[in-house]
2 protein chains.
Amino acid sequence: MDNIARVNTLAGEPCDMSTWDAGNCPVRDVMNQIAGKWSTLLLEALAQRPYRFGELRRLVPDISQRMLTQTLRDLQRDGYIDRQVFPTKPPSVEYRMTDLGHSLFAPLSKVLAWAGENHAAVKAARAKYDASELG
Amino acid sequence: MDNIARVNTLAGEPCDMSTWDAGNCPVRDVMNQIAGKWSTLLLEALAQRPYRFGELRRLVPDISQRMLTQTLRDLQRDGYIDRQVFPTKPPSVEYRMTDLGHSLFAPLSKVLAWAGENHAAVKAARAKYDASELG
DNA sequence: ATTGTTGGTCTCAAAAAGAGACTAGCACTA
DNA sequence: TAGTGCTAGTCTCTTTTTGAGACCAACAAT
């Protein structure tokens, strides 16, 4: 049963789950950040061009300022985006994707494209599941 | 400023954010499911071979039964995995990735590979950010 | 008769997310 | 000069999500 104690072999270093150190798995450590509700959405916007705080807020109308601030900070902390403050008269802040961010977005955009292409299939699966649960 | 009201152009159907219907964006609808804390981990395991409930629980020791049940159900609802009950004497349940799941995992595995390759860079960015915040 | 194994559910506490008020400095307006 | 709005946030409060752990029923082996 050795195969039970080993996973993530696709990601270079396999993670030995039997002697598990939760902060040691690259997949979990990286994915748990970009997996947030708003992260991919902001990365998608910032992959196209730099945005200012207020622009992003208008771009994603149903994000709260609190979550926008926090998500941007998390993305900045992981090195995906840069934050630059301009000392204008109402001070403005620009967020810009870094090289690391772009290198992440290359594979990530493929997943996003998949989502667009297969949205109908997913919705169909959902409808089918929900219908069968009612019977 | 028309560019402000439009995003997600990479994903086929662009989402018009000015007349926003939250359930209408493929990217958000699909990503919000696979973006969970445990989803990618379980998809990674099930991409390799089918697993039973207890196997998955041992594979990911720090997931609670409650979240394992719920995450598997969500993945099943979206059509990524199939759940098959065998009427054995302690009844056993097998989870198996569907074709839709595999087609999603193809691009997703590239992101997972990126995570493995760039984990060091992300950790370095984090350390740098944390150090600069203390100063 | 007790223990273990199966795949869960249930309850309760903790953590995370969302809603909305509040801040401060400056510009424009009345 | 007082009022309004813009900037990029923070603070507090409520709701939702997640986590920890007890509990369940059927059967098998001890």
Side-chain angles (χ1 to χ4, degrees), chain A residues 1 4 20 22-23 28-29 31-42 45-46 50-78 81-96 129 132-133, chain B residues 1 4 17 20-23 25 28-29 31-42 45-46 50-78 81-96 129 133:
Chain A
M1 316 285 183
I4 290 180
W20 186 250
R28 299 175 69 165
D29 195 27
M31 290 304 291
N32 282 173
Q33 268 312 319
I34 67 175
K37 183 172 180 181
W38 308 106
S39 302
T40 50
L41 214 53
L42 295 179
L46 291 169
Y51 277 90
R52 288 176 47 192
F53 186 88
E55 281 183 307
L56 290 171
R57 196 153 72 87
R58 285 187 291 277
L59 192 64
V60 188
D62 57 343
I63 193 174
S64 63
Q65 283 193 313
R66 186 184 161 283
M67 286 313 295
L68 181 53
T69 300
Q70 188 176 316
T71 306
L72 287 171
R73 236 188 270 293
D74 289 346
L75 293 176
Q76 183 196 356
R77 191 172 98 98
D78 278 16
I81 62 177
D82 260 342
R83 177 178 185 272
Q84 193 174 356
V85 183
F86 295 99
T88 52
K89 273 73 53 105
S92 65
V93 178
E94 188 185 85
Y95 294 92
R96 175 186 297 269
Y129 178 93
S132 71
E133 290 303 293
Chain B
M1 313 293 180
I4 291 181
M17 304 296 242
W20 186 248
D21 171 17
C25 175
R28 297 174 71 165
D29 194 27
M31 291 303 292
N32 282 174
Q33 268 311 319
I34 68 174
K37 183 173 180 180
W38 308 105
S39 302
T40 51
L41 215 52
L42 295 179
L46 291 169
Y51 277 90
R52 289 177 45 193
F53 186 88
E55 281 181 308
L56 289 170
R57 197 155 72 88
R58 286 188 290 276
L59 192 64
V60 187
D62 56 345
I63 193 174
S64 63
Q65 288 196 47
R66 187 183 160 284
M67 286 313 295
L68 181 54
T69 300
Q70 188 176 315
T71 307
L72 287 171
R73 235 187 271 292
D74 289 346
L75 293 176
Q76 183 197 355
R77 192 172 97 99
D78 278 16
I81 62 177
D82 260 343
R83 177 178 186 270
Q84 193 174 356
V85 182
F86 295 99
T88 53
K89 271 68 59 104
S92 65
V93 179
E94 188 186 83
Y95 294 92
R96 176 187 297 268
Y129 178 92
E133 289 304 292

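Below, read A as the first sequence line, B as the second, and so on, with proteins coming before strands; counting in each chain starts at 1.
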Undergrad: Taking side chain to side chain donor-acceptor pair (under 3.5 Å) as the definition, give me every residue that meets it alongside Arg83(A), ordered by chain and number, with sequence neighbours left out.
TA: Tyr95(A)
Undergrad: Would you say that Leu72(A) contacts Ile81(A) through its side chain, given a criterion of any heavy-atom pair below 4.5 Å between the two side chains?
TA: yes
Undergrad: Can you name the side chain to side chain donor-acceptor pair (under 3.5 Å) partners of Arg96(B), sequence neighbours left out?
TA: Glu94(B)
Undergrad: If you round to the nearest 0.5 Å, how far is OG1 of Thr40(A) from CG of Asn32(B)?
TA: 7.0 Å
Undergrad: Quick one, Tyr129(A) and Asp78(B) - any side-chain contact, counting heavy atoms below 4.5 Å?
TA: no
Undergrad: Distance check needed: dT5(C) C1' versus Phe86(B) CZ, whole Å only.
TA: 18 Å
Undergrad: From CG of Leu59(B) over to P of dG7(C), roughly how many Å is that when rounded to an integer?
TA: 14 Å
Undergrad: Regarding Tyr95(A), tell me which of base, sugar-phosphate or nothing describes its non-hydrogen contacts under 4.0 Å with the strands shown.
TA: sugar-phosphate
Undergrad: I want to check one thing: is the phosphate of dG7(C), taken as OP1 and OP2, less than 4.0 Å away from some side-chain N or O of Arg57(B)?
TA: no
Undergrad: How would you list, by chain and number, every residue that makes a side chain to side chain contact (heavy atoms under 4.5 Å, CB included) with Thr71(B), sequence neighbours excluded?
TA: Trp38(B), Ser39(B), Leu42(B), Met67(B), Leu75(B)
Undergrad: Go through the structure and list residues passing side chain to side chain donor-acceptor pair (under 3.5 Å) with Arg57(B), not counting sequence neighbours.
TA: none
Undergrad: Can you tell me how far apart CG (Asp74(A)) and CD1 (Ile34(A)) are? Round to the nearest 0.5 Å.
TA: 12.5 Å
Undergrad: Which is the 5'-most and which the 3'-most nucleotide of DNA chain D that has an atom under 4.0 Å from a heavy atom of chain B?
TA: dT18(D) to dC27(D)
Undergrad: Which letter, B, S or -, goes with each nucleotide of nucleotides 15-30 of chain C from 5' to 3', with contact meaning a protein heavy atom under 4.0 Å?
TA: --BBB-B----SS---
